[in-house]
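Report on the structure given below.
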There are 6 protein chains.
Amino acid sequence: MFYHIKELQYEAKPCRPDPVMARKMQEILGGQFGEMSVALQYLFQGWNTRGNEKYRDLLMDTGTEELAHIEMICTMIARLLDGVCPTTLDEAAKDPFIAAILGGSNPQHLIVSGLGAMPSDINGNRWTADYIIASGNLLADFRANLNAESQGRLQVARLYYETEDPGVRDMFAWLLARDTMHQNQWIAAIKELEAQENIVVPSTFPRELEKREVSHTLFNFSRGNESAQGRWAHGPSLDGEGVFNYVEQPVPFAPAPVLPPAPPTAFDTPPLN
Amino acid sequence: MFYHIKELQYEAKPCRPDPVMARKMQEILGGQFGEMSVALQYLFQGWNTRGNEKYRDLLMDTGTEELAHIEMICTMIARLLDGVCPTTLDEAAKDPFIAAILGGSNPQHLIVSGLGAMPSDINGNRWTADYIIASGNLLADFRANLNAESQGRLQVARLYYETEDPGVRDMFAWLLARDTMHQNQWIAAIKELEAQENIVVPSTFPRELEKREVSHTLFNFSRGNESAQGRWAHGPSLDGEGVFNYVEQPVPFAPAPVLPPAPPTAFDTPPLN
Amino acid sequence: MFYHIKELQYEAKPCRPDPVMARKMQEILGGQFGEMSVALQYLFQGWNTRGNEKYRDLLMDTGTEELAHIEMICTMIARLLDGVCPTTLDEAAKDPFIAAILGGSNPQHLIVSGLGAMPSDINGNRWTADYIIASGNLLADFRANLNAESQGRLQVARLYYETEDPGVRDMFAWLLARDTMHQNQWIAAIKELEAQENIVVPSTFPRELEKREVSHTLFNFSRGNESAQGRWAHGPSLDGEGVFNYVEQPVPFAPAPVLPPAPPTAFDTPPLN
Amino acid sequence: MFYHIKELQYEAKPCRPDPVMARKMQEILGGQFGEMSVALQYLFQGWNTRGNEKYRDLLMDTGTEELAHIEMICTMIARLLDGVCPTTLDEAAKDPFIAAILGGSNPQHLIVSGLGAMPSDINGNRWTADYIIASGNLLADFRANLNAESQGRLQVARLYYETEDPGVRDMFAWLLARDTMHQNQWIAAIKELEAQENIVVPSTFPRELEKREVSHTLFNFSRGNESAQGRWAHGPSLDGEGVFNYVEQPVPFAPAPVLPPAPPTAFDTPPLN
Amino acid sequence: MFYHIKELQYEAKPCRPDPVMARKMQEILGGQFGEMSVALQYLFQGWNTRGNEKYRDLLMDTGTEELAHIEMICTMIARLLDGVCPTTLDEAAKDPFIAAILGGSNPQHLIVSGLGAMPSDINGNRWTADYIIASGNLLADFRANLNAESQGRLQVARLYYETEDPGVRDMFAWLLARDTMHQNQWIAAIKELEAQENIVVPSTFPRELEKREVSHTLFNFSRGNESAQGRWAHGPSLDGEGVFNYVEQPVPFAPAPVLPPAPPTAFDTPPLN
Amino acid sequence: MFYHIKELQYEAKPCRPDPVMARKMQEILGGQFGEMSVALQYLFQGWNTRGNEKYRDLLMDTGTEELAHIEMICTMIARLLDGVCPTTLDEAAKDPFIAAILGGSNPQHLIVSGLGAMPSDINGNRWTADYIIASGNLLADFRANLNAESQGRLQVARLYYETEDPGVRDMFAWLLARDTMHQNQWIAAIKELEAQENIVVPSTFPRELEKREVSHTLFNFSRGNESAQGRWAHGPSLDGEGVFNYVEQPVPFAPAPVLPPAPPTAFDTPPLN
């Protein structure tokens with residue numbers, strides 16, 4: 001169960017309106033790696049955790065914090081849109097702000113949301129749960145989380161240099177720091193799990209059932225051998241189960257398949273000569 | 001540029017038709033972590049790599065191999081659908097195979113694709129590029145790749161125990177082994193990059209610009225202290241930049257926001273009493 | 001069955017080309033509350049109506065009119081795009097209209113549709129039937145319709161002040177009036193149904209089967225008591241079945257859930273210490 | 001900012017596993033009118049409210065409660081999936097539960113989420129923010145909310161009769177009651193706003209700018225006059241601005257449009273004879 | 001402008017309820033090549049036609065007829081769902097029809113639409129305007145139309161043999177005949193246009209601006225020469241502009257690209273050694 | 001199985017950076033008829049071909065070539081984005097390139113992909129497999145392919161006149177030529193199949209089972225007789241099975257449907273008076 005308080009986790013106040021930055025900030029709200037994605041990803045992972053209360057608690061802690069980040073960014077966007085409309089009906093059509101909101105900015109911020117944040121990305125694509133991941137396997141999912149925090153911090157860093165507004169940069173500084181912590185914490189959790197299991201997910205699947213002769217082989221399917229220089233191409237494998245090897249000229253292991261004709265009621269093309 | 005040969009990388013031949021397994025296998029073809037996702041993710045990452053030819057080559061090697069996996073699974077699905085239709089028009093409507101294909105199986109395999117694989121998941125959702133990730137930052141993206149191979153191997157492992165068909169299991173054994181290698185290789189590549197940069201992505205953003213006082217803090221937003229037991233809550237931070245600390249009762253840093261009324265031409269609700 | 005006549009329900013003729021307004025108008029054609037949404041929503045509701053011919057007829061009347069509105073807006077968009085291209089091949093690349101169409105306007109209007117309207121919104125998202133609602137329960141659906149006409153008229157009102165073109169405004173004046181009627185008519189129909197049933201949908205579900213002790217309770221989950229001032233927090237409930245009450249400090253009714261571990265073949269993370 | 005406690009708002013415990021009901025319950029979690037939709041709809045409306053703190057508080061109260069409902073349903077789904085897998089690897093492929101989970105149930109509950117709830121609907125379509133509405137106009141949005149609660153309660157009522165499990169029915173009884181309250185509260189809020197403004201949204205758009213001669217007209221576009229019997233076809237209009245009238249044989253107000261040819265660089269079909 | 005009459009173009013009456021067939025029929029209503037797709041595709045093409053009134057009229061004739069087909073299939077689906085629910089509340093949970101509707105059928109037909117047709121396909125994916133095509137070039141679009149009618153008739157033919165209900169088959173017989181006509185008519189229209197223009201779309205683009213040396217070349221990128229046997233590999237080209245030729249071993253025309261490093265503010269991975 | 005070589009099929013090198021053209025080029029990469037669509041469409045058709053090796057080979061040849069086109073366009077887009085960012089952090093926020101990338105260009109090219117191509121269209125909609133077609137019937141599918149190459153070449157032709165960059169135009173000249181070949185080849189394949197089967201798909205469905213009296217009838221549902229002038233309205237039908245006829249005033253063949261009330265547990269609106 002959740003409680004809400006009206007105060008913000010951190011300040012979200014720009015120094016001046018900027019509808020173009022309002023649009024840009026949508027990416028870190030409702031984009032593939034926006035706050036909606038991490039909030040819901042962590043909460044679903046938490047609710048589905050079975051018998052590992054420490055990790056469930058960590059997921060709920062972090063997911064609940066991300067709800068506060070959604071709130072901060074929504075507030076920031078609403079304020080960046082302040083003053084974008086003319087204040088009297090007469091001056092409406094000729095006001096330059098109206099023009100601005102339809103240049104590099106998102107016209108839905110006026111037409112659809114009435115100067116409020118939207119659950120969508122920088123190009124107006126609505127957020128979709130296709131973005132989120134919760135598999136029941138914590139090591140797999142923490143890797144997803146580490147990726148999400150890496151992509152998210154990368155996007156905030158790129159946005160940082162597109163504004164000089166100290167208020168906007170101040171909130172970015174907060175988000176960058178929190179993403180630093182979140183990368184740290186998922187790495188720590190991953191290390192714990194890898195130490196107890198194995199680095200290969202899922203660790204409980206019997207290894208003898210996989211085709212072990214190709215479990216540590218790099219096939220060179222792209223002509224040129226630059227990739228042979230990496231750690232992945234020689235030496236003991238990192239999972240402690242074999243030795244890496246490099247196959248310069250991979251060959252097929254099976255003949256060309258020939259499918260039989262479909263039966264008549266499928267109405268596929270019958271064999272022609 | 002690509003060349004195709006007609007032979008398969010590995011055999012994809014079931015011992016008997018099974019339209020329900022044909023449906024299930026769609027998840028690892030066209031689902032969130034199916035072969036379409038990894039193939040296109042690696043290829044886009046490769047094409048966008050700037051100035052790191054070793055990694056570009058590794059991405060192209062692996063992406064090109066995944067195209068062969070798409071091909072293998074498509075072939076397997078088509079064969080699992082063999083014999084699903086009646087062979088003469090008369091017996092069509094009463095044949096039990098027709099019933100089977102509409103029970104636990106996907107009826108689009110007959111109506112839409114005419115007994116062929118589809119670019120969609122286990123529930124018939126078409127594949128979408130929302131699933132893929134290519135940011136230009138290799139450390140971020142290799143973490144995405146490690147996650148994708150973890151989720152993918154997990155799904156194949158779960159499918160393994162839902163069939164006793166030795167032909168199907170044989171192909172799964174191949175895919176499990178290749179996913180073992182791919183997890184190994186992305187871990188190796190991640191370690192290389194982390195050693196040269198820092199574990200926090202992006203490593204080149206100036207740390208002094210983030211709000212460092214919360215860069216290593218775990219806020220306890222979910223009542224109960226189980227999460228305080230982890231490595232992430234105490235000791236030096238893993239990025240070597242600070243010390244983890246735990247805040248049991250987090251408080252807001254900013255007051256409740258109050259948004260001003262919208263201008264008249266936005267036609268939002270004006271302030272009411 | 002439908003018949004089409006070539007005349008428009010109302011004039012759709014701008015005074016001059018304006019590719020930016022052509023883009024904006026896509027929102028009321030193919031957006032969440034555009035004419036495609038109301039047309040198809042009313043028609044599906046009409047076709048699915050069982051045994052209430054008066055309402056079915058009203059739905060078909062209005063749905064058929066909305067088809068004419070789609071037609072008007074498509075025509076308007078095509079005319080707003082007239083003259084946007086250069087008239088000879090030589091001057092093509094340097095013509096300012098080409099530049100304009102790629103600034104605040106939608107480049108698909110040239111590249112994809114060849115100066116015609118598209119089934120998409122202001123940001124180029126294709127229309128989806130996720131927008132429409134038809135449940136078989138008329139009171140529920142008429143509330144959906146009232147909402148759709150409210151959102152739709154709101155968007156047209158906002159667009160009105162973004163143009164000074166008298167031709168465009170003339171069509172908007174028509175659409176605003178029709179939305180006024182449609183809001184009126186759905187309110188009238190809702191009142192009729194509420195008078196015959198109850199205001200709570202579905203009215204035929206036995207009330208004694210719901211947990212009646214919380215049927216008229218406002219839980220204060222957001223700290224601060226502003227919401228206690230509303231009619232919804234005191235006095236007899238509007239459905240005539242109870243009395244509103246306000247719970248300032250809501251408490252949970254159930255303990256924290258603990259999920260058992262997953263079985264091995266799920267390959268979830270087993271319990272770790 | 002939000003806080004989470006681990007206790008549930010209300011009990012979510014079935015008497016026995018039922019993977020088919022687990023699938024069905026996804027509709028009220030991640031479907032068009034599931035708890036994800038209302039939670040995020042109310043929160044976005046709340047965050048975007050400008051200058052009407054009473055309504056903002058009501059939205060935050062209710063949105064925060066809906067987060068607790070997401071949590072309850074996720075918990076219920078996870079428990080309905082308990083015991084669905086075999087407990088040893090040997091018996092896996094022949095266990096009837098595995099068969100059951102692929103009949104009327106959703107196979108992603110095993111393959112993708114590892115026996116956990118998913119952010120998707122009854123057919124496995126991932127949740128999308130296309131479902132939610134936040135326009136900045138409270139009267140419009142409260143109508144959306146009333147519709148959402150009507151559709152939602154309708155779906156729970158239908159599900160109620162598809163199970164005899166007393167634990168599942170007990171949670172449904174809670175949800176039905178809360179939806180009763182939420183319908184009541186949005187109706188109360190709508191009445192307040194209609195009394196202060198007008199019933200037509202947006203009430204502040206100058207009426208003289210709309211084409212008033214058709215503001216209260218029902219056009220009979222579907223042959224047959226059943227719809228003429230309603231309150232919407234005669235008497236004073238409900239907005240107090242006119243008198244309803246009925247046009248039996250609507251005629252077009254504008255001639256057939258003829259579009260000029262496209263310029264050569266559009267490469268549309270030129271006029272042919 | 002459109003008028004609706006309540007009569008159906010053709011009878012849509014099954015002999016008995018069949019919820020599984022109701023689900024199957026959704027594919028030809030709301031699938032990629034269902035009636036919603038062709039109706040809206042032809043109408044958008046018609047509204048966007050510039051200066052070719054004969055073709056515009058043909059498109060409007062056919063698009064308007066397809067609206068009647070949507071109506072017929074909606075009616076059929078509603079009737080196939082008749083009697084699917086228990087008739088009194090008491091017997092609800094144990095009625096076998098309820099079980100049936102959740103086996104091979106679509107549970108949304110009860111939970112979401114209340115025994116009515118839905119704007120979605122056989123697997124419950126909502127219809128999307130991604131399915132439709134209207135480019136402004138009539139020859140291109142008539143090829144799209146010919147494809148749509150070919151896929152559509154193919155799907156109806158496959159459905160025909162999955163039922164023995166004479167009422168359902170009677171409606172299929174109508175749809176098959178209409179699709180026969182529509183394939184005929186688009187072929188006739190294509191021939192007219194090809195005779196006036198050229199077979200290559202767009203015919204008005206200056207041929208000398210394309211790289212003519214590869215305008216009639218088949219590159220053999222898939223090892224094995226079966227494809228060299230076709231008409232496309234030898235003889236004069238069908239567009240009358242050249243001679244087909246076959247390149248057995250295609251070679252690249254350009255060197256491997258090397259992208260320069262990204263600037264620092266992109267935060268891509270810098271060149272590493 | 002596939003092999004990759006690092007060389008490009010054809011040069012993809014612009015003369016200068018142009019972020020607006022980078023955005024435009026996304027349409028022919030990840031739009032409805034971009035290279036991703038044709039590549040995957042041909043490959044899926046090829047893998048699903050049953051017993052017609054000549055056509056399977058042709059599909060694999062062409063699908064493999066389209067992979068090379070994806071690669072070329074990705075390379076071109078990356079190069080068009082070169083130099084778009086400032087080279088030192090200090091000048092970042094005020095550099096005009098940053099402004100440019102957020103005007104007519106796609107800001108995701110910096111924020112999300114770090115100056116790389118994305119799997120999305122000109123407006124940032126991610127590519128979806130809803131765009132592709134593979135039915136198992138080759139005549140139907142080759143018509144889809146002919147349409148795809150027609151739409152694709154049309155879009156490249158329109159883009160050609162929006163740039164004067166000789167490097168970009170040079171690559172367009174290549175793509176236009178290849179699309180010329182591909183239109184030619186699908187037309188040749190279609191002619192072969194039509195000669196062996198019939199022009200109506202599927203040709204193997206028994207004609208006597210369709211409602212032959214309307215198999216060659218044009219119904220005039222759009223008032224005005226322009227469409228009666230076409231070849232489709234008179235003379236022998238093109239499939240050799242009948243004679244075209246034109247019905248000026250189409251009438252319904254079935255009465256108005258009346259649906260019975262739903263049973264109580266559906267909670268639809270019961271019949272009201």
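Keep in mind the model is a prediction, meaning the values are calculated, not measured. Within every chain, numbering begins at 1; the chains are lettered A, B, ... in the order of the sequence lines, protein sequences first and strands thereafter.
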Side chain / backbone / both / neither for [X] at chain F, heavy atoms under 4.5 Å:
{"X": "B:T75", "result": "neither"}
{"X": "B:A78", "result": "both"}
{"X": "B:I133", "result": "neither"}
{"X": "B:Y3", "result": "both"}
{"X": "B:L29", "result": "side chain"}

Between [X] and chain B, with a heavy-atom cut-off of 4.5 Å, which part of the residue counts as in contact: side chain, backbone, both or neither?
{"X": "F:L209", "value": "neither"}
{"X": "F:L43", "value": "neither"}
{"X": "F:A117", "value": "both"}

- Using a cut-off of under 4.5 Å on heavy-atom pairs, state which of B:I77, B:L8, B:N137, B:D57 scores highest against chain F.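 Between B:I77, B:L8, B:N137, B:D57, the count favours B:D57.
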Donor-acceptor under 3.5 Å ([X] side chain, [Y] main chain):
{"X": "F:N48", "Y": "B:S113", "value": "no"}
{"X": "B:R50", "Y": "F:G116", "value": "no"}
{"X": "F:R126", "Y": "B:Y131", "value": "no"}

- Message: Applying side-chain contact (heavy atoms from CB on, under 4.5 Å) to F:H4 and B:L67, what does each step give before you reach the verdict?
- Response: CA-CA 11 Å; F:H4 178 254; B:L67 293 174; over 6 Å; no
Could you tell me which non-hydrogen atom of [X] sits nearest to which non-hydrogen atom of [Y], and how far apart they are?
{"X": "B:A129", "Y": "F:P119", "result": "CB-O, 3.4 Å"}
{"X": "B:F44", "Y": "F:M36", "result": "CZ-SD, 4.0 Å"}
{"X": "F:F2", "Y": "B:T64", "result": "O-CG2, 3.3 Å"}

- Under 4.5 Å between any side-chain heavy atoms of F:L40 and B:L40, yes or no?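 Yes, at least one pair of side-chain atoms sits under 4.5 Å.
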- Message: Can you tell me how far apart CD1 (B:I132) and OG (F:S120) are? Round to the nearest 0.5 Å.
- Response: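 Those atoms lie 9.5 Å apart.
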- Value rounded to 0.5 Å, distance of CH2 in F:W47 from CD1 in B:I73: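 Here the interatomic distance stands at 10.5 Å.
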- Item | Pairs of heavy atoms under 4.5 Å with chain B: top-ranked of F:M1, F:E7, F:Q45, F:H69 |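 The residue among F:M1, F:E7, F:Q45, F:H69 with the greatest pair count is F:M1.
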